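Report on the following structure.
A quick note: this is a predicted structure, and the numbers were derived from the prediction, not measured. The chain is numbered in sequence order, starting from 1.
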Amino acid sequence: MYEKNFDMWNEKKKKVDKKRILESFYFHEREIWWCTLGVNIGVEIDGKNTYFERPVLIIKKFNGMMFWGIPLTSKVNSNPHLLLIHHSEGTSLANLTQLRVFSSKRIHRKLGFIDKKSFSEVLFRLKNYL
């Protein structure tokens, strides 16, 4: 088990929070964006690398400031809550149990998008949870 660097994340988080909403990107459902997730608690999925980021699939845009998103991973395992999705840049696994609200301040750069068929499958699986 590794030691989480909450102090470094706290410094990055302050910068993310100061980002003006006007600087936020235009984003749409079915798109995948690199987002700053940070260092989280317990089984909550963390971001990676210097910016504590991870690809996130946009499920529902509420307005220009917030959306529901699902963090993606490339690590294949037997978790029944992971759904393989095909997108414009390859394949990833959507971690369906990590659906959450994100501020658009967390968005960094666009990675790609998923096709309508894959998106429908994600929505179908999410409806079963809800």
Side-chain angles (χ1 to χ4, degrees):
M1 191 163 153
Y2 72 97
E3 184 78 21
K4 293 188 175 191
N5 194 339
F6 290 104
D7 294 332
M8 183 186 282
W9 163 237
N10 233 359
E11 292 305 314
K12 297 277 186 195
K13 182 168 52 172
K14 291 174 190 176
K15 292 177 185 174
V16 171
D17 188 57
K18 287 181 182 177
K19 187 177 178 183
R20 294 181 336 144
I21 290 293
L22 296 176
E23 296 171 3
S24 297
F25 299 92
Y26 293 105
F27 57 92
H28 305 281
E29 294 163 8
R30 293 184 30 225
E31 292 179 342
I32 299 170
W33 286 80
W34 283 98
C35 294
T36 303
L37 267 61
V39 178
N40 295 299
I41 306 298
V43 297
E44 298 168 358
I45 198 164
D46 292 325
K48 306 179 291 184
N49 306 320
T50 306
Y51 295 105
F52 301 94
E53 62 184 0
R54 175 175 295 280
V56 171
L57 171 63
I58 297 182
I59 298 298
K60 176 69 177 168
K61 178 179 180 176
F62 294 107
N63 54 42
M65 297 179 288
M66 68 177 175
F67 62 93
W68 266 344
I70 298 177
L72 305 180
T73 184
S74 58
K75 291 184 182 176
V76 178
N77 64 40
S78 61
N79 184 335
H81 307 294
L82 296 177
L83 176 62
L84 183 68
I85 59 169
H86 303 282
H87 53 81
S88 57
E89 299 300 314
T91 58
S92 296
L93 294 151
N95 193 331
L96 301 174
T97 60
Q98 297 286 325
L99 173 70
R100 63 177 247 195
V101 171
F102 289 89
S103 167
S104 61
K105 289 182 176 188
R106 292 182 180 271
I107 291 177
H108 273 297
R109 65 191 178 282
K110 187 175 177 181
L111 175 65
F113 59 92
I114 68 172
D115 59 53
K116 290 180 182 179
K117 182 179 179 185
S118 292
F119 192 66
S120 293
E121 177 66 20
V122 171
L123 294 179
F124 177 78
R125 292 277 302 271
L126 283 175
K127 286 177 186 176
N128 287 334
Y129 286 113
L130 301 174

Heavy-atom closest contact (Pro71 atom, Val56 atom, distance):
CA-CG2, 4.1 Å
For Asn49, what residues pass the side chain to side chain contact (heavy atoms under 4.5 Å, CB included) criterion, not counting sequence neighbours?
none
Please examine the side chains of Pro55 and Trp33, heavy atoms only from C-beta on, and report whether any two atoms are closer than 4.5 Å.
no
Please confirm whether the backbone N or O of Ile45 pairs with a side-chain atom of Gln98, one donor and one acceptor, at under 3.5 Å?
yes
Does the side chain of Thr73 reach to within under 4.5 Å of the side chain of Arg54, using non-hydrogen atoms?
yes
ring-ring contact (aromatic ring centres under 6.0 Å, His included) contacts touching residues 85-105 (sequence neighbours left out)
Phe67-Phe102
Between CD1 of Ile107 and NZ of Lys105, what distance do you get to the nearest 0.5 Å?
12.5 Å
For Gly64 versus Ser104, what's the shortest heavy-atom pair and its separation?
O-OG, 2.9 Å
Rounded to the nearest 0.5 Å, what separates atom CG in Asn95 from atom NE2 in His81?
9.0 Å
Would you compute the distance between atom NZ of Lys60 and atom CD of Glu29 and round it to the nearest 0.5 angstrom?
5.0 Å
Which residues share a side-chain hydrogen bond (donor to acceptor under 3.5 Å, both in side chains) with Ser88, sequence neighbours left out:
none
Are the side chains of His108 and Thr36 in touch, meaning some heavy atoms are under 4.5 Å apart?
yes
What is the distance from atom CG of Asn128 to atom CG of Leu130, rounded to the nearest 0.5 Å?
9.0 Å
Co-members of the apolar cluster containing Leu57 [side chain, <4.5 Å]
Ile32, Trp34, Ile59, Phe62, Met66, Trp68, Ile70, Leu72, Leu83, Ile85, Leu96, Leu99, Val101, Leu111, Ile114, Phe119, Val122, Leu123, Leu126, Tyr129
Roughly how far, to the nearest 0.5 Å, is the OG atom of Ser118 from the CG atom of Leu84?
8.0 Å
At what distance, to the nearest 0.5 angstrom, does NZ of Lys48 lie from OG of Ser74?
5.0 Å
Give me each pair satisfying salt bridge (charged side-chain N to carboxylate O under 4.0 Å, His left out) with a member in residues 110-130, each pair once, sequence neighbours excluded.
Glu31-Lys110
All ring pair (Phe, Tyr, Trp, His ring centres under 6.0 Å) counterparts of Phe113, not counting sequence neighbours
none
